[in-house]
Novice: 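Sharing a structure, written as structure tokens. Questions coming.
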Amino acid sequence: MGSAGLARLQGLFAVYKPPGLKWLHLRDTVERQLLNGLNAGKPPAPEQRVRFLLGPVEGSEKKELMLTAMSVPSLTTHRLVRGPAFTSLKIGVGHRLDVQASGVLVLGVGHGCRLLTDMYDAHFTKDYMVRGLLGKATDNFCEDGRLVEKTTYDHVSREKLDRILAVIQGSHQKALVMYSNLDLQSQEAYEMAVGGMLRPMNKSPMLITGIRCLHFEPPEFLLEVQCMHETQQQLRKLVHEIGLELKSSAICRQVRRTRDGFFTLDDALLRTQWDLHSIQDAIQDAAPRVVAELRKNLRSGVDSQQLPSAEQPQHSKGPSSTVQGGSCAKH
Amino acid sequence: MALSAQQIPRWFNSIKLSSFINSVQLTKRFPRAGQTLSHGFSAPTQSSSDNCCLRWGFKTYWTSSSRNSSQDADSSRQESSAAHHTLLPCGSEHSGRMPSGDSELPLEEMDDLFPVSPLQPVSEEEAALISAHASLPAASFTLRDYVDHSETLQQLVLLGVDLSKIEKHPDAANLLLRLDFEKDIKQTLLFLKDLGLEDNQLGAFLTKNYAIFSEDLENLQIRVAYLQSKNFSKADITQMVRNAPFLLNFSVERLDNRLGFFQKELQLSVKKTRDLVVRLPRLLTGSLEPVKENMKVYRLEFGFKCNEVQHMITRIPKMLTANKKKLTETFDYVHNVMSIPHHIIVRFPQVFNTRLFKIKERHQFLTYLGRAQYDPAKPNYISLDKLVSIPDRVFCREIAKASEKDFEKFLKTL
């Protein structure tokens, strides 16, 4: 089981990180589960060792001792003497999530760790669902932080919020164009900009390619954000700044990643599925998509920038990203 | 005893003869080849002079003898334990020891026993009897190198002892290498079997508590007698020893002190203390500080009354040794977020034994469905033990009345 199992355990897969769990602990848990699965296979047959031993020679009248070759079982490779066959695995983590955030987290096993670097270099955008709460401001922009101020929010309406989000998106669009280092005078660059396929392929500060409000019920509101080169704390700060722009204050209640590149919520494995077989199946399922998308995105040259098809900023992404209200559980 | 000159390896001159002389008086430790691996080996006993090592206590490196001649290390091996001789470090400690008895030979006579010239012609039979095998390493970090040559280690592996865990403790591994299966280990194993441990449980026990081989058999029996005098039945003692392998390494006074501590601290009756200790014998072998700390936490921080704490502990003894931070987080969530009062928590102490994420996920699912009702007075009451102690499938079907797919989809929205 061991080496065959290990051969199928090379590639990328996504897990759903629950809130309150550090990404490092998650990675260690996954490693431990995989090692348990790999070591649980049936042990190999006991090894035999050839020894030249003094033994009686058959067919002689007097008792004579001659060196004969005999195959003797050896305990050197026994599981209880050698220890478990697998003691560590190379598991890498893609774009990290901090402790309070939850959502899709891409992990790579074995040779897949190389693909993690490729995913990083492809500069994919990510989808987040950010829940905010109007009326409070705290020092770390979360609910558990020290309260800084409380404000009213009766004057806040949906239109005001949408206007502010449009302003944010516009300013980030300008930054997008600037950081993508394209000469907008060229025809291809213009077509890409029109189609919304512009994005920087090198380091840049956080850029929001799309932001809209899905649900507004004061004091709560739900935003869908597509961004790149972000950290979750910057998203919380964004919620705080939206509150300030609305002449009120806001804190962020939940940051949840629904898509990382081409891995969506459907591909993410839940805690009960963090075992060898589920992960192997997930790697097999994701493998063709990984190859195709990375090839598309890493073709050298700026003019061949192609966003993965699931990335249109303004269109709804379908059921996986709009889980809210009562839509999912009522069957 | 006159050893045949031809049968002693020629390089033997390099070893200090005094050490060899002492070795012939010592009992052999590695048994003859004929007894193990069913070899037909009729060479006379080359008494294992590595017994000297046994007298020097435990070292952190393993000194077995090694042949310092570079014999061809191909597959021609003999039972090399029978031909071990002490290393020079052993010899340095020997300098103070004088050989005693009648086996003292002047050095000049010893020379006559050994053929001086390596080019001396040898007959065919003697040539066949020369053991030319690769030597065992003098010191090693793993027991793998010695397992094929030591009957003790082989028997232990067949019993199920995990040598890969024991070799992480160098003194334990040294101890096992030097013990003789027939003499030392068998007695202890028979004692453990008398105690009631099954054959398949011996391996796990010995992997944890290899130090039992260095305990005196009488001491072990005194301790078992003490436990029996405290009215622990035979089956109880077996269960305790199985679950807490180090129990019998504790002296009688220490066991007495611990039992007394639990009786005083928990203020339980004698019978209840006994049941508690039988269910969780590691209370007796573990540290007492966490128990004192946890008792304070329950009384002062959580606000449970004394009899409530006693009730919870008799139901779930593990609460005494649980992690304080996890306990606090769980209690905080259950009492403040789920708004469950003390008297209901006392009835279901299992909540302190489950992972917090499980409680949180299930409670949030029930809240989302509108079924989070934990007050026994109202209809559709969900008890805490049903919340935490049943598997996911049953929980979804019976309590939440939703499908597992729904639960999974909900988990992806958290």
Novice: Are side-chain heavy atoms of A:L265 and B:K409 found at a separation under 4.5 Å?
Specialist: no
Novice: Measuring from atom CG of A:L80 to atom CG of B:L156, what distance do you get when rounded to the nearest 0.5 angstrom?
Specialist: 10.5 Å
Novice: For B:K208, look at atom NZ and say whether over 12 heavy atoms of other residues, nucleotides or ligands are found less than 6.0 Å away.
Specialist: no
Novice: Is the number of heavy atoms from other residues, nucleotides or ligands under 6.0 Å of B:N200 CG greater than 12?
Specialist: yes
Novice: Once rounded to the nearest 0.5 Å, what's the spacing between atom CG of A:L75 and atom CG of B:L153?
Specialist: 9.5 Å
Novice: Among A:T272, A:V81, A:V104, which residue has the highest count of heavy-atom pairs closer than 4.5 Å to chain B?
Specialist: A:V81
Novice: Is it true that, when you exclude B:R371 itself, more than 12 heavy atoms of the residues, nucleotides or ligands shown sit nearer than 6.0 Å to its CZ?
Specialist: yes
Novice: Rounded to the nearest 0.5 Å, what separation is found between the NE2 atom of A:H78 and the CD atom of B:Q154?
Specialist: 11.0 Å
Novice: For the residue pair A:R79 and B:D162, establish whether any side-chain heavy-atom pair is separated by less than 4.5 Å.
Specialist: yes
Novice: Is it the side chain or the backbone of B:F407 that comes within 4.5 Å of chain A heavy atoms, both, or neither?
Specialist: neither
Novice: Taking every non-hydrogen pair under 4.5 Å, which of A:P84, A:P18, A:A268, A:G20 racks up the most with chain B?
Specialist: A:A268
Novice: Under 4.5 Å from any heavy atom of chain A, what part of B:E361 do you find: side chain, backbone, both or neither?
Specialist: side chain
Novice: Any chance you could measure B:K412, atom NZ, to A:D266, atom CG, to the nearest 0.5 Å?
Specialist: 6.0 Å
Novice: B:V147 versus chain A, heavy atoms under 4.5 Å apart: side chain, backbone, both or neither?
Specialist: side chain
Novice: Taking atom CZ as the centre, does B:R393 end up with more than 12 heavy-atom neighbours from other residues, nucleotides or ligands that are less than 6.0 angstrom away?
Specialist: no
Novice: Report the distance from atom CZ of A:R82 to atom OG1 of B:T142, rounding to the nearest 0.5 Å.
Specialist: 11.0 Å
